[in-house]
Amino acid sequence: MLRTHTCGELRKTHVGQQATLSGWVDKYRDHAGIVFIDLRDRYGKTQAKFNLEDNSEIQREARGLRHEDVISVTGEVVARPADMVNPKLETGEIELRVTQLTIQGKSATPPFLPGGSDLPNEEIRLKNRVVDLRRPELQQALILRHKFTKLVRDYFDRQGFLDIETPILGRSTPEGARDYLVPSRVHEGCFYALPQSPQIFKQLLMCAGYDRYMQIARCFRDEDLRADRQPEFTQIDVEMAFVQQDDVLEVIDGLIGETLRNLVGIEHPLPLPRYSYAEVMERFGSDKPDMRFGMELVDLGEIAAHCDFGVFSSTIQSGGRVRGLLAPAAADKYTRKMIDELTEFVKDYGAKGLAFLRVNENGLDSPIAKFFSPEDQAAIIAKFQAKPGDLIFCVADSFAVSCAALSALRNRLGRELKLYDPRSFSCLWVVDFPLLHFDAEDNRWVAEHHPFCYPHPDDVPKLDTDPGAVRAQSYDLVVNGYEAASGSIRIHDSAIQQKVFDLLQISPEEAEYRFGFLLQGLRYGAPPHGGIALGLDRWVMLLCGYDNIRDVIAFPKTQKASDLLSGAPSEVDFKQLRELHIKLNLPE
RNA sequence: GGCCCUGUAGCUCAAUUGGUUAGAGUACCGGACUGUCGAUCCGGUGGUUGCGGGUUCGAGCCCCGUCGGGGUCGCCA
């Protein structure tokens, strides 16, 4: 071994022992007669000391060491003089008095220093990912990711789940996200699709009798990226047979409890609270509300309907909603200019404007206050339970727009007003999603989750009469405002499946052509089953307290889905294309 | 596809708002220094201001286009 200990390991108890450490030169301090090297590996840092009197040859060599050189050093672990202890280092009570030095790998001048305080921009970091990955923050994130996946596998193993792999090269299925396609050499003109999720395969495994399945599965979706979305990402994929919705939620409750307890030391109350989709949309305007703080939406419909403010009253008349939220003690914190900025912000979500009301000792102070009678002003204050110094924002629009605008505003205000501890966790289930929504553009019903999602038993009759009111047996796990998992009970009854296909305007022939292999699986004795998938990258991001998943992925892609390190995607040889029967037809 | 932010030395940033030779810290190179830990001190190298046009006596700064990076809306069953 080229080391006897790691760079995070040595303590006062090792004093007097011989030790060999290997690692990267994090910092060097050259005093001519004495040279200090902070040697770094993923376990920590240890100071190596090269004294002229100990060995002049090695000491001279040490003076040539530079950042990121890889070296091995051997010597005696010695206690530092009391006034030379470095409390910032775990190993700060000792140092290694070096008598042997091997330069294992000299480094070219690095583009930036992993130990530096100024972080370069992300483009530089991604192009030089090897250097970036040496940063302790990134190393800790990947270590936590490992601990999480291990905890997940152990948890499901204890519960009797089998880890089974499913194909990466699959069949393109319609609906859902855009597929990544892989051309077939053997089958001219045919393509595989990379899985958006192992959805159909895990259902087939249920039909095949593997009644508890889990997999940490890579998924691919060719859609635009976000801070929490990569084109390839990892799901903790779970499916269970002979279960109902409560059974799935219970298993996941246990996993979440164990995860938060073991990885971040938080006892989250269990079972996780459950809210209906209708309730969270009404109270928070979002199907993934951040419950670390309150600031619930308040309905002003009654007052708006009869007030003199035309924007409000006409919205109510045309079937829209007037709702608002209260920013506590924010009246002085938001100047008119800042409120104008918030108005622009909500316009991104379709709102046409943002009304605001400052609450003071005398009532409401606002350009629109004059439209409200003293009684209505008092009623508004009462509804919001407003106190002097508070600031009320209102949006008048369709239900959908008021939800989108106010929930975005709520998240922003919660963050800006520091209404919650960013290290805290708030997890909840959202259940009873609608099964379908009507796509006005295409003039048809579209599955909210996916076409195999079982309707709520009480709502099955409504499939014929009022499809929009049918609830699904589907559920999302929401953590700090992120969709952290999503799943459903699946249809295993071919008559109901047919009914859903009918609503989705998928003909029997088309269904057979597109999902024949699933329908065939369901035909030969299908058990009731359901499952869920957790977004692994998002979970690790949340556990780390980060706000983008690139910092928990070793080699992530940019917003344009390219890998700046390897240069993917790239052009390929004409020969490769010819073998695949592909002719390029590029835009001008 | 839309909107917003961004690109100046290897890296992090500045440049008195259009004005002379684009600066600083750090890294790198050379020198001094035997207890530093953001070592210190002295000196030095380093720039097609992402790229291409335009306006102007004059552009890092203004305009148009384009490329890269980030955020977001649409999109993501």
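By convention in this document, chain letters (A, B, ...) are assigned in the order of the sequence lines, proteins followed by strands, and residues within each chain are numbered from 1. Only this structure's heavy atoms are used, side chains among them; waters, hydrogens and symmetry mates stay out.
Between Pro467(A) and the options Val500(A), Asp459(A), Leu503(A), a side-chain contact (heavy atoms from CB on, under 4.5 Å) holds for only Leu503(A). With Val478(A) as the fixed residue, the side-chain contact (heavy atoms from CB on, under 4.5 Å) test singles out one of Val430(A), Val280(A), Asp287(A), Asp290(A): Val430(A). Screening Glu239(A), Gln473(A), Gln497(A), Met206(A) against Arg490(A) for a side-chain contact (heavy atoms from CB on, under 4.5 Å) leaves a single residue, Glu239(A).
Using a cutoff of 4.0 Å between basic side-chain nitrogens and carboxylate oxygens, Lys499(A) and Asp502(A) are not scored as salt-bridged.
Judged by distance alone, with hydrogens and angles left aside, Lys560(A) brings no side-chain donor or acceptor close enough to the base of rG68(B) to form a pair under 3.5 Å. A donor-acceptor contact under 3.5 angstrom links the side-chain atoms of Glu95(A) to the base of rG35(B). For Asn86(A) and rC37(B), a side-chain-to-base donor-acceptor distance below 3.5 Å is present, hydrogens and geometry of angles not being considered. The base of rC37(B) sits with one of its N or O atoms less than 3.5 Å from a complementary donor or acceptor on the side chain of Arg80(A). Judged by distance alone with a 3.5 Å cut-off, a donor-acceptor contact links the side chain of Arg229(A) to the base of rC76(B).
Taking the side chain of Tyr349(A) as heavy atoms from C-beta on, and the options rU72(B), rU36(B), rC76(B), the nearest nucleotide is rU72(B). The listed nucleotides are rG30(B), rU36(B), rC33(B); the one nearest the side chain of Ala32(A) is rC33(B). Of all nucleotides listed (rG71(B), rG69(B), rU34(B)), rU34(B) comes nearest to the side chain of Ile34(A).
Put simply, His31(A) has no side-chain N or O that comes within less than 4.0 Å of OP1 or OP2 on rU40(B). Within the 4.0 Å cut-off from OP1 or OP2 of rG74(B), not a single side-chain nitrogen or oxygen of Arg178(A) is found. At rG71(B), one or more side-chain N or O atoms of Gln559(A) fall inside 4.0 Å of OP1 or OP2 (strictly under the cut-off). The side chain of Arg29(A) places an N or O atom within less than 4.0 Å of a non-bridging phosphate oxygen (OP1 or OP2) of rA39(B). When the side-chain nitrogen and oxygen atoms of Arg226(A) are compared with OP1 and OP2 of rC73(B), one or more of them lie within a distance under 4.0 Å. Contact check, Lys88(A) against rG38(B): a side-chain N or O comes under 4.0 Å of OP1 or OP2. Checking the phosphate oxygens (OP1, OP2) of rC28(B), a side-chain nitrogen or oxygen of Tyr28(A) falls inside 4.0 Å. The phosphate of rC29(B) has neither OP1 nor OP2 within less than 4.0 Å of any side-chain N or O from Thr109(A).
Taking atom C1' in both rC3(B) and rG44(B), the straight-line distance is 48 Å, to the nearest Å. With both ends at atom P, the span from rA15(B) to rC61(B) equals 14 Å, rounded to whole Å. Only the P atoms considered, rG43(B) is 12 Å distant from rA24(B), to the nearest whole Å. If you take atom C1' in rU16(B) and the same atom in rG69(B), they sit 30 Å apart, rounded to whole Å. Rounded to whole Å, the separation between the C1' atoms of rG2(B) and rU56(B) comes to 34 Å. Nucleotides rC67(B) and rC57(B) place their P atoms 32 Å apart, quoted to the nearest Å. Taking atom C1' in both rC29(B) and rG19(B), one finds a spacing of 35 Å when rounded to whole Å. Distance check on atom P: rC11(B) versus rA27(B) gives 15 Å, rounded to whole Å.
Using a 4.0 Å heavy-atom criterion, one finds that Lys49(A) contacts the bases of the nucleic acid, with or without backbone contacts as well. Within 4.0 Å of Glu448(A), counting heavy atoms only, lie sugar-phosphate atoms of the nucleic acid but no base atom. Residue Glu122(A) is classed as a sugar-phosphate contact, given heavy-atom separations below 4.0 Å to backbone atoms only. Among the atoms of the strands shown, base atoms are found under 4.0 Å from some heavy atom of Ser197(A). In this structure, Phe452(A) reaches neither bases nor backbone, as no heavy-atom distance under 4.0 Å exists between it and the strands shown. The residue Asn51(A) sits close to a base: some heavy atom pair falls under 4.0 Å. Contacts of Asp30(A) with the nucleic acid, taken as non-hydrogen atoms under 4.0 Å apart, include base atoms. In this structure, Asp224(A) reaches the bases: a heavy-atom distance under 4.0 Å links it to at least one base atom across the strands shown. When heavy atoms are screened at a 4.0 angstrom cut-off, Arg125(A) is found touching no nucleic acid atom at all.
The aromatic rings of Tyr277(A) and Phe433(A) sit tilted, their planes meeting at an angle between 30° and 60°. Below 30°, between 30° and 60°, or above 60°: for His14(A) and His5(A) the angle between ring planes is above 60°, a perpendicular geometry.
With both pairing distances under 3.5 Å, rG74(B) is matched to nothing as a Watson-Crick or G-U wobble pair. Base-pair partner of rG25(B): rC11(B) (Watson-Crick or G-U wobble, both distances under 3.5 Å). Summarising the base pairing, rU40(B) is matched to rA32(B) through a Watson-Crick or G-U wobble pair whose two defining distances lie under 3.5 Å. Of all nucleotides present, none satisfies the Watson-Crick or G-U wobble test against rU56(B) with each distance under 3.5 Å.
In rU12(B) the O4'-C1'-N dihedral to the base is more than 90° from 0, which defines an anti nucleotide.
With a 6.0 Å cutoff to the six-membered ring centre and a 45° limit on the axis angle, Arg221(A) does not count as a cation-pi contact of Tyr180(A).
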- Task: Decide yes or no on salt bridge (Lys or Arg N to Asp or Glu O under 4.0 Å) for Lys45(A) and Asp38(A), but give the supporting numbers first.
- Result: CA-CA 6 Å; Lys45(A) 285 193 260 186; Asp38(A) 290 340; 5.4 Å; no
What N/O pairs connect the protein and nucleotides 10-14 of chain B at under 3.5 Å? Give each pair on its own line.
{"from": "rG10(B)", "atom 1": "O2'", "to": "Pro111(A)", "atom 2": "O", "distance (Å)": "3.2"}
{"from": "rC11(B)", "atom 1": "O4'", "to": "Pro111(A)", "atom 2": "O", "distance (Å)": "3.1"}
{"from": "rU12(B)", "atom 1": "OP1", "to": "Asn121(A)", "atom 2": "N", "distance (Å)": "2.7"}
{"from": "rU12(B)", "atom 1": "O2'", "to": "Asp118(A)", "atom 2": "OD2", "distance (Å)": "3.4"}

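In this structure, His437(A) has no ring-ring contact (aromatic ring centres under 6.0 Å, His included) partners at least two apart in sequence or on a different chain. Partners of Tyr546(A) according to the ring-ring contact (aromatic ring centres under 6.0 Å, His included) rule, which considers only residues two or more places apart in sequence or in another chain, do not exist here.
In terms of position along RNA chain B, the nucleotide closest to Asn548(A) lies nearer the 5' end than the nucleotide closest to the other residue of the pair Asn548(A) and Gln199(A). If Pro81(A) and Glu123(A) are placed on RNA chain B by their nearest nucleotide, the residue sitting closer to the 5' end is Pro81(A).
Ring centroids of Phe501(A) and Phe515(A) are separated by less than 6.0 Å, placing the two rings close together.
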